[in-house]
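Here the structure comes first, spelled out in structure tokens, and everything after it is commentary.
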Protein chains: 2
Amino acid sequence: MTDDPTGRSRRSPGGTGGAHRRPTGHEVAELAGVSQSTVSLVFSGKAAGRVSAEVEQRVRHAAQQLGYRPHASASTLRAGRTRTVGLLVPDITNPFLGHVLRGAQRAGRADGITVALIEPGPERNWQLTAVEALNAAAIDAMMLFGIEPPLSDAPGPTVLIEAVADGFTSVLLDVRQGTTAAVGHLLDLGHRRIAHLGTDLPPTTFKARASRWRRELDRAGITATESPEVLAGFSLQAARGAAHQLLSLTPRPTALFCDDDLLAAGALMAAHDLRIPVPDELSIMGFAGTLLSEAATPQLSTVVAPAEELGAVALQTLLRTMDGHATAPRPLPMTLVPRASTAPPQRPSPR
Amino acid sequence: MTDDPTGRSRRSPGGTGGAHRRPTGHEVAELAGVSQSTVSLVFSGKAAGRVSAEVEQRVRHAAQQLGYRPHASASTLRAGRTRTVGLLVPDITNPFLGHVLRGAQRAGRADGITVALIEPGPERNWQLTAVEALNAAAIDAMMLFGIEPPLSDAPGPTVLIEAVADGFTSVLLDVRQGTTAAVGHLLDLGHRRIAHLGTDLPPTTFKARASRWRRELDRAGITATESPEVLAGFSLQAARGAAHQLLSLTPRPTALFCDDDLLAAGALMAAHDLRIPVPDELSIMGFAGTLLSEAATPQLSTVVAPAEELGAVALQTLLRTMDGHATAPRPLPMTLVPRASTAPPQRPSPR
DNA sequence: CTGAAAGCGCTTACAG
DNA sequence: CTGAAAGCGCTTACAG
């Protein structure tokens, strides 16, 4: 009784903001002339068949009048779940991420699920961060983006996005199909000397591009000599350097298949350095369909990943995992978007 | 006693994950041979002068052994604050945002503050979203990025980032100084016909660029006729179109000062369309220093905003606002980064 | 169909 | 310096 936790009387400064005390379920109950339990039933969506339609109406109306919303923490504390899932990412500034997050958030909205974006600090690993978030009961479950956990047990329900590891459910892009589309586009244009500007990052998704690229060329009867490959670090400058190597080969490749738009942007820089006109003397294919592919000059032909859908499907898959029905969804198809960086090779490639 | 909220026994699936029950403060207390209150004191950082060093050690050790972390929701419920602040943004895919969020998160980490990224859905306005988050006690306070609220009262403590409105504390980039640096760079290179490719977005930050650009040219004795201006929508294609206009003027501007890297990327496309070599016959200045400026071909000279610092300062300012000491920090200086898209005009501009 | 009551795990005056 | 106790606002069997 002597007790007075006035956390929210501090709510006023900033805007001049009304320092209204939050109404509680009790107050709503009083106004509606029902018990607090009934109010809870209505707001937790468990009213069906337990509260009469008429009473539910009265409750909702009273709540509306008072501006009531259930207190998230009280609910979490009692029910043992936060209805928040974490999206752990190695790099929060990844241009792809915004769309994935948006897709996941929108998919969760209907079920009242919130997605929290979590980036482990530079000094911490994701495992530690995940365990802490789980232990603080800040999240119920998590999605790992582009992280391949070394061991098969995570501290809680987990889904991997664009990553694969033993014992985990993955939500993947169909990069094989995407690669086939990209390389097919170059073949259709008449290219034969199609080099691969890849990256040496560990995730499986990159290896899949490399092997599929090779397979498509094999099928077209193109030899390994005609189609060189260089693996670069995942950065503009690394890609630029690697592209320099590729472009100083004789005969020079007429097309570059790049593992990502970022690498393609680096290749564009290299072509510019060497005064090789794109697409007249060199075609460059990106991969992912980020803003970078649109903003590049010339605009990059690329294979677009359905980033929002990826996020949405990941969230739905995670929800099923939490229910114990873990089923991996089929890989999401990518879409070829030919733009200005690809064209037929200048003359039929000498054989 | 009949009561059994087993929220966390569901934690197992996904990874094979250990379904350890979370330890409570009580269990830590027992192991350490102290009361639960003492454990709480230690973990809420209020131990100084209230718990002996020796006891504190014992508590921490016991906690470590059990893997204890205070339950965030229990703490929130009791203390009346979440230690989470919202970062409300109109567009979660803005390439600038990642850095701002990172800065804010890192600045908050020391104080145990978490930053939640919130994007109102397409159909909802930010006010509604903010009120809901606040009412659900999901956040204590918020930062609005690039949103200028029409009215001076927000539903809770609020700080504006790169936006200005009556009655609110703002955290700003020094875009005037940035503009001076950008335009000064072009003047130093010898340009006189420096056009402005601006945007018609409402935030004050854009108007500041326009007026400062004009002022710098005035000071250099350059007339309005020599320095045309076009305002475009904030998109690549809009910028491309606007740049076309600017570049078909006679005499043609020798330099373009763009309000943002995105617009500069659009200008680069227009120059490419018209076969105007950059920087030989046209210099293009970006603004912001996003990935776009690095990935462009040629790389954009730009004025770099300290995005992480912006986020960090915003968070610190918000914390002070919540304490009632609202003081606007001084605008953060921007840094001129000359790259490959600017060079002296081809010949001394005729006058 | 509705209500009374216990209890989730903390924080916080207060008493000692 | 330490502990006992109340209570934050919900959810959830259980009884009626």
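In what follows, chains are A, B, ... by sequence order, proteins preceding strands, each numbered from 1.
Between A/Phe96 and A/Phe145, the angle of the ring planes lies from 30° to 60°, which puts this pair in the tilted group.
Under the side-chain contact (heavy atoms from CB on, under 4.5 Å) criterion, B/Arg83 pairs with B/Arg81, B/Asp111, B/Ile113, not counting sequence neighbours. Residues passing the side-chain contact (heavy atoms from CB on, under 4.5 Å) test with A/Ser37 are A/Ser35, sequence neighbours excluded.
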Distance-only donor-acceptor hits, side chain of residues 308-316 of chain B, under 3.5 Å, sequence neighbours excluded:
none

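Here C/dG7 presents its P atom at 22 Å from NE2 of A/His71, a figure rounded to the nearest Å. Per the geometry, CG belonging to A/Leu41 stands 9 Å off P belonging to D/dT11, to the nearest Å. Distance B/Arg78 CZ to C/dG7 P: 19 Å, rounded to the nearest Å.
Considering only the side chain of A/Arg22, D/dC10 comes nearest among D/dC10, C/dT11, D/dT11. Checking C/dT2, C/dT11, D/dG3 against every side-chain atom of A/Val51, the shortest atom distance belongs to C/dT2.
OP1 or OP2 of D/dT11 lies within a sub-4.0 Å distance of a side-chain N or O belonging to A/Ser40. Side-chain nitrogen and oxygen atoms of A/Lys46 include none within less than 4.0 Å of the OP1 or OP2 phosphate oxygen of D/dT11.
Residues of residues 25-35 of chain B having a heavy atom closer than 4.0 Å to DNA chain C, listed by number: B/Gly25.
In this structure, A/Gln36 and A/Arg50 both approach DNA chain D, and ranking their closest nucleotides by distance from the 5' end singles out A/Gln36. With DNA chain C read from its 5' end, the first of the two nearest nucleotides for B/Ala72 and A/Glu54 is the one closest to A/Glu54.
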If pairs are Watson-Crick or G-U with both distances under 3.5 Å, what is the dot-bracket string of DNA chain C, marking crossing pairs with [ ] and pairs to another strand with |?
|||.||||||||.|||
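Identified under the side chain to side chain donor-acceptor pair (under 3.5 Å) test for residues 42-54 of chain B, with sequence neighbours left out: B/Glu54-B/Arg58.
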